[in-house]
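Sequence positions, counted from 1, serve as the residue numbers for this chain. Values reported hereafter were calculated over all heavy atoms of this structure, with side chains retained and with hydrogens, waters and symmetry mates removed.
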Amino acid sequence: IKKTFIMAQDYQIFNTDIIILGISSHSPNHIFLFSLVLGIFTVAFTENSVMVLLIYLETQLHTPMYFLVSQLSLMDLMLICTTVPKMVFNYLSASPFLWQGVTEIFFYASLIGCEYFLLAVMAYDRYIAVCHPLR
């Protein structure tokens, strides 16, 4: 009796993946949503990339405010690249796993916090420019 208990205990298999059901029910609207979200992602990605490239290439835009604007565009690029590709993929694939969603939420929340900090720095820069114009 003791031997079978040990053998049964040695061969236990634990599944650590949790599948979230009910999120991806393949309906006819998924192709439309896939196309819509992918189009908006492409436009946002292109606009932010062009903004960063123009600020980098144009020497007249090498001022602190435009540096902060380019950093804001980079932050937006990271935000949309964190969430949108996985969302678009989930429109056409099986249900997502829980750990993938938790990781995505962690990165999204971290990037949102960094963006708020960057916006506060930009507001302080404008405050200094308006209140103390000769500095």
Counting heavy atoms not belonging to E58, are there more than 12 under 6.0 Å from its CD? yes

Side-chain donor/acceptor pairs under 3.5 Å, residues 65-77, sequence neighbours excluded:
| residue | atom | partner | partner atom | Å |
| --- | --- | --- | --- | --- |
| S70 | OG | F67 | O | 2.7 |
| S73 | OG | V69 | O | 3.3 |

Using residues 35-55 as the side-chain source, report each donor-acceptor pair under 3.5 Å to any protein atom, sequence neighbours left out, with the distance given to one decimal.
| residue | atom | partner | partner atom | Å |
| --- | --- | --- | --- | --- |
| S35 | OG | I31 | O | 3.0 |
| T42 | OG1 | L38 | O | 2.7 |
| T46 | OG1 | T42 | O | 2.7 |
| N48 | ND2 | A44 | O | 3.2 |
| S49 | OG | F45 | O | 2.8 |

Should [X] and [Y] be counted in the same cluster of Ile, Leu, Val, Met, Phe, Trp and Tyr side chains packed under 4.5 Å apart?
X	Y	answer
L118	L61	yes
L119	V121	yes
Y108	F106	no

Give the ring-plane orientation class for H62 versus Y56, where under 30° counts as parallel, over 60° as perpendicular and anything between as tilted.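 Rings of H62 and Y56: tilted, as their planes differ by 30° to 60°.
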
